[in-house]
2 protein chains.
Amino acid sequence: MSRKDACFDSLVTRILAMDLQPGLDLDEASLASHYGLSRTPLREVLQRLSGAGYVTISENRGAKVASMDITVMRVFFQTAPMIYANVMQLAARCRTTAQLDRLKDAQRAFKSAGLEGEAQDMALANHRFHAITLEMADNPYLGAAMNRLLIDHTRLSQTFYRPSSADDAALVATAIEQHDAMIAAIEAREGALAIDLTLQHWDLSRDRMERFVRPDPLPVDVLSMKGRRHAF
Amino acid sequence: MSRKDACFDSLVTRILAMDLQPGLDLDEASLASHYGLSRTPLREVLQRLSGAGYVTISENRGAKVASMDITVMRVFFQTAPMIYANVMQLAARCRTTAQLDRLKDAQRAFKSAGLEGEAQDMALANHRFHAITLEMADNPYLGAAMNRLLIDHTRLSQTFYRPSSADDAALVATAIEQHDAMIAAIEAREGALAIDLTLQHWDLSRDRMERFVRPDPLPVDVLSMKGRRHAF
DNA sequence: ACGTGATTTTTTGTATACAAAGAAAATACA
DNA sequence: TGTATTTTCTTTGTATACAAAAAATCACGT
């Protein structure tokens, strides 16, 4: 793997893990020296990251890590269930056994991260799980949408996870069970079941994050989504 | 507008218009000199085009215009109706009057292109029309998916349009009427109607292009799948 | 002290030179 | 003649130098 690709992957991971916080200014020179590249290839990496939605670039003002405000969350909740569900259905239809094995591996990692209780590890493991289902679906159009959703999902879930909360611990346990059920549905190629499980799993994630947002005075619109959560 | 952005837009248009054919090798040096840039910024343009799905880049082998094979079409038909319909619903919900005016302008251009009968002009005008609805929807996740769909939609419609066919001329007339109806639905903020019209409009496009086996489309309303475990 | 404007510094954008990989052509050999 | 191998050429990838824009600093006047 080229140094450039390694740099790309590293930045992706660091952004997903919020090691690089939303809105952070990315300095070309220091990043280049950090990854042992000159500015030319590093800038190309930033362009690619921009195209994939990890960073935003503005003329003469450099690159920033993609921001995450309350507006983003509203649209995110609006869109995620539909895309996730359709991807999961396709995954059940198209998956190979090799991909299924990798999904089971990812689930094992998710479980152990869940036991540890580290928000970052759990979020990244969850990301990897869904990224594999996306690969199974083998649909570049939905892939483009879901990769962007996964960026925000991964970061939001870390933002709204409280390690001390017994409530959250229970939610994690449920998430693990649902992942297992999804794997079974995908293995059995039961697309409709996979959709149903995904919507449930998604509701779980949303509940966890929405409870945080609800008391916030600014996002009044989030409340109006109650009762028509995924009105598609 | 910077020379770099102009180059980007020009390449986008030329790829959509199939002035640059799918699979065509893009030579950095000649493109750079053509657009009056050096290779450094031109390569960054190519990276951005790659991120947006217009070209594919492979290590040490340069950039090619994104290809369009049978496999692509199959997945395209599978995905497009759902995404288009959801985008149109959001457009009806979120559009501003300024955007609506621009949509009407685009529709005027589409009409005159339809009278001319030039496949390229029609395809580009249709692209602009739907790109404006996408802007109205204001949803970056669906935007990422639909922009990719639009690339292939625009190119496929040119590929399968026969100017001599009276059949195709009739389809164009119907498409124009449907665009008008969509504008009315968006103006009245009737999301459900907008969905319905979009599915009809999309079926029209698909009928025109339909020369190949296609799978069942994905369900537009994912919620209706809940509980129907063995429906599919 | 506070803003305002000029100057310095930093950072981004571009061009060019060179290195490395790949493709094409020419040569050698069976 | 056909194939393998070497050589040449073309094209891509990277580093560095310089230009241009933005940000930060300083100086000045009120």
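Order of the sequence lines sets the chain letters (A, B, ...), proteins ahead of strands, with each chain counted from 1.
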Reported CG-to-OG1 distance for the pair A/Leu90 and B/Thr79, which is rounded to 0.5 angstrom
6.5 Å

Distance, rounded to the nearest Å, where A/Ile57 contributes CD1 and C/dT11 contributes P:
17 Å

With heavy-atom distances below 4.5 Å as the criterion, would you say the side chains of A/Arg148 and A/Asp152 are in contact?
no

Nearest-Å distance, CG (A/Leu37) to C1' (C/dA19)?
15 Å

For A/Pro41 and for B/Leu26, find the nucleotide of DNA chain D with the closest heavy atom, then tell me which residue's nucleotide is more 5'.
B/Leu26

Along DNA chain D, 5' to 3', what are the outermost nucleotides having an atom less than 4.0 Å from a heavy atom of chain A?
D/dT14 to D/dA23

Between B/Glu187 and B/Lys104, does any side-chain N to carboxylate O distance fall below 4.0 Å?
yes

d(NZ, B/Lys64; P, C/dG22) in whole Å
14 Å

Have a look at B/Glu44 and say if it touches a base, only the backbone sugar-phosphate, or nothing, with a 4.0 Å heavy-atom cut-off.
nothing

B/Asn60 CG to C/dA19 C1', in whole Å, measures 12 Å

So B/His153 and B/Trp202, would you call those rings parallel, tilted or perpendicular, with 30° and 60° as cut-offs?
tilted

Using a distance-only test with no angle check, is there a side-chain donor-acceptor pair under 3.5 angstrom linking A/Tyr84 and A/His201?
no

Taking CZ from B/Arg61 and P from C/dA20, how many angstroms apart are they, rounded to a whole number?
19 Å

Measure CZ/A/Arg3 against P/C/dA20 and give the value in whole Å, please.
12 Å

Under 4.0 Å between a Lys/Arg side-chain N and an Asp/Glu carboxylate O for B/Asp105 and B/Arg108?
yes

Measure from CZ on A/Arg39 to P on C/dT12 and round the result to the nearest Å.
7 Å

